Amino acid sequence: MIELGTIAVKDEVSVIEARNKVLVLAESCGFDDIGSVRLATITSEICRMLQKTGSSSKLTISIAEKDNRHGVLLIFFGNIKPFAAAGFDLFFNQITTSHSQDGELRTEAFCFIPDAGFELTEDFIAATQDRLIQQSAAELFEELERKNEELSGLLEERNDVVQKLREKTVELETETRLKSEFLANMSHELRTPLNSIIGFTLRVIKKAGKLLPKRQFKNLHTVARNAQHLLSLINALLDISKIEAGKMDIFLEDFSIYPLISEVIDLTRALIGDKNIKLESLLPENEITLYSDRSKLKQILINLVSNSIKFTESGRVTISTSMVDRDTIAEKNSFFQPDTDYIEVIVTDTGIGLDHDEKQIIFEAFRQVDGSLTRKEGGSGLGLTITRKFTDLLQGRVDVESIKKSGTTFTITLPIRMSGQNPKKYEPEELETVPIIKDHHTVLCIDDDPDVRELLQGYLTDEGFNVITARSGDEGLQKAAELQPLAITLDIQMPVKDGWTVLSELKSDKATAEIPVVIVSITDNRSLGFGLGAFDYLQKPILPDALIPAVNKILRRKARNILAVDDDPGVHDLLNQILTEEQIALRTASNGRQAIESLNEMIPDLILLDLMMPEMDGFETARQIREKPEWAEIPILVLTAKTLSRAEKNFLDQRVEAIITKEGLSSEIVLQEISTALKKVRRRFE
């Protein structure tokens, strides 16, 4: 090997020097113009990479012999990307790498001289060394200036391209924003008539269903069902449009993730139904506190768990958490920001799973991997799309791993503390002191939107209801406990304490558990709402034709007027004492004929019926009541001391809600059976 020179690669001048010397050597060795420029250019590219790795990088230029042929040998000292990975191996005949004693990478790149008969004489070596030495600094700077001119021209071209791209980006962003605003407005315009279609269709079904032919009755149900499906699609579109239009607010707060996961499990457990699924959480001992949007994270987890339950027939659905190992962050990808801690929330199921192609589409809008299950369970195909967009809003990401027929794992990765933007920070409001007003026609409206509160108040006040409003979940819970209203309307999407949490707390508190709750929300998750004990589920925008019947239905089912049919005055007296304490009006009848006369005058909320009475016994009374359509839905509780035969019990089971023995009759038993009977009737209306 004949060494012709070494260049310390430390700046652009040294890169150009290396290029020129290799170009001179290649021309001297008989490379043609293309071959010479090609070898010189690739040398400068490699030197440019070396320049970025450290000050000790250098290049040695030599002529050597391998396999009985002479060639140009370039030895690069420095830690650079492997030649094969960079594509440089295509330019050389042989490449070898090794490490020097100090651990630095040494790469030898050998390129055969085109003339196989080339001889390396002393005269050739001397002449070539002279040519390389004679390259003056002036030539180098002249070359550098020429290259700078070329680069300046390229930079101007690049700037022009960048400017055009920026203009195009602004244009596209404007188009996207206008499209999203259009979708949001159009969703509202479509949803309003759809609410009317649904409301009036259900009204016709209820009012004239028995007068219609079965075929037309079935057609009306089809209209109502398809309208509900369209409404769910429109609501999901509105959520997506608000995100894309930048109108989806973020509310930041500090919260513990474990109680949040417990809430999600409690809320979604009702979706399991008859499936053999174990819903559980696997959480480490150390608690984790996040600074993020609690409500949106909760909705993300509800979407994922609901999706897992939907596509799992038996087995497990599990929520777990883990901190991301900071030592492995850099190895994963550029998603992770330095000096930021991350948490993973993982939802795993043992359901039908996904194949490779299905995993590529599940986050796309309107794409569903199992049409048969979708038709069975329902869904718009936008739940996972909204999940991903909500995750993006929280500066996180969602990943999916799955094996067909073996289950699916969704992983939500989020920063422990959100940063880098200026979202709204929710400030808890001071709760007002609520005077306790004993008004049985009071409706409590819980919604964070003042326009919605005003609208609901207007609708209900016009119908004679006393309306109290609450602007947050905490305020609503306080007012519900103090006012004991006839009914509650409840929004779902509220900051800090969302509607699901409020509904769960209302139903778990003995003081408020029996208050009917009508969910009034833009989201469509009826199965979850009814599973948690909601009385009815309405979707925004709310029209009076939908709201007023829902509240009136509650009024009808709330036992405020009871008819007791019994020939024993002592039973009348006992019932009067029990029900007066509950502010329930009691009317009495001594036999079945008097009961029928009383029903013709006023329909009660519930009938307490004795069996053994003169003139008309309880069996005949129950039969006549059920024969009249206007009385058919009045719940009947039988109070009797009679031992019933199998035939008598079968007769009554078809006509009454429950049978209570008079022995040991207590207020607790009566009130509990009244409550149970009303719930049964309520479910027939839902």
Side-chain angles (χ1 to χ4, degrees), residues 12 41 44-45 48-49 52 81 85-87 146-191 233-252 292-293 296 299-300 303 329-330 332-338 340 342 356-368 380-400 412-415 418-424 522:
E12 187 63 22
T41 301
S44 65
E45 289 300 314
R48 221 167 250 115
M49 292 172 58
K52 298 176 182 179
K81 184 187 297 184
R146 185 180 65 80
K147 295 293 291 184
N148 283 338
E149 290 177 358
E150 292 178 2
L151 289 173
S152 296
L154 292 173
L155 185 60
E156 288 181 5
E157 292 179 9
R158 173 190 172 279
N159 289 338
D160 290 341
V161 171
V162 169
Q163 182 60 33
K164 290 179 180 178
L165 286 174
R166 285 175 177 167
E167 293 173 357
K168 190 65 178 178
T169 299
V170 171
E171 181 181 338
L172 290 174
E173 288 176 349
T174 302
E175 290 179 0
T176 299
R177 179 177 52 79
L178 292 174
K179 179 202 73 173
S180 298
E181 290 178 355
F182 169 78
L183 283 175
N185 294 332
M186 185 57 63
S187 296
H188 176 81
E189 296 300 322
L190 289 172
R191 194 171 54 215
L233 292 177
I234 290 168
N235 286 327
L237 273 175
L238 183 60
D239 267 349
I240 293 175
S241 301
K242 287 176 69 176
I243 296 171
E244 292 180 345
K247 295 182 178 181
M248 183 67 74
D249 290 329
I250 298 291
F251 293 92
L252 292 183
S292 189
D293 189 313
K296 286 183 175 53
Q299 191 62 51
I300 288 170
N303 287 351
I329 282 180
K332 289 193 173 183
N333 53 46
S334 58
F335 162 77
F336 297 96
Q337 299 298 316
T340 301
Y342 290 85
H356 176 73
D357 292 336
E358 290 170 342
K359 286 194 294 185
Q360 308 306 310
I361 66 170
I362 57 172
F363 294 110
E364 297 179 18
F366 306 106
R367 300 296 294 271
Q368 297 171 318
S380 63
L382 291 173
L384 290 179
T385 304
I386 293 173
T387 293
R388 183 174 64 179
K389 291 184 178 295
F390 273 10
T391 305
D392 291 341
L393 283 176
L394 301 186
Q395 300 177 349
R397 72 176 189 186
V398 56
D399 299 299
V400 59
I412 302 293
T413 306
L414 297 171
M418 282 187 63
S419 60
Q421 53 180 322
N422 296 309
K424 296 181 180 179
I522 198 170

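None of the values given here were measured: they were computed from a predicted structure.
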Margin query: Restricting to side-chain contact (heavy atoms from CB on, under 4.5 Å), what partner residues turn up for V161, sequence neighbours left out?
Written below: L165

Next item on the list: Kindly compute the distance separating CG (L393) from NZ (K389), expressed to the nearest 0.5 Å.
Entry: 9.0 Å

Next item on the list: Only counting residues at least two apart or in another chain, list the ones meeting side-chain contact (heavy atoms from CB on, under 4.5 Å) with K168.
Entry: E171, L172

Next item on the list: Look up atom CG in N303 and atom OG1 in T387, then write down how far apart they are to the nearest 0.5 Å.
Entry: 4.0 Å

Next item on the list: With I300 as reference, evaluate L384, V398, D293, L394 under the side-chain contact (heavy atoms from CB on, under 4.5 Å) test and give the passing residue.
Entry: L394

Next item on the list: Find the distance between OG1 (T391) and CD1 (I412) and round it off to the nearest 0.5 Å.
Entry: 4.0 Å

Item checked: Minimum heavy-atom distance between S292 and M418, given as atom pair plus value -> OG-SD, 3.5 Å

Next item on the list: Look up atom CZ in R397 and atom OH in Y342, then write down how far apart they are to the nearest 0.5 Å.
Entry: 9.5 Å

Check: Residues two or more places apart in sequence or in another chain: which of them pass side chain to side chain donor-acceptor pair (under 3.5 Å) with E167?
Finding: Q163

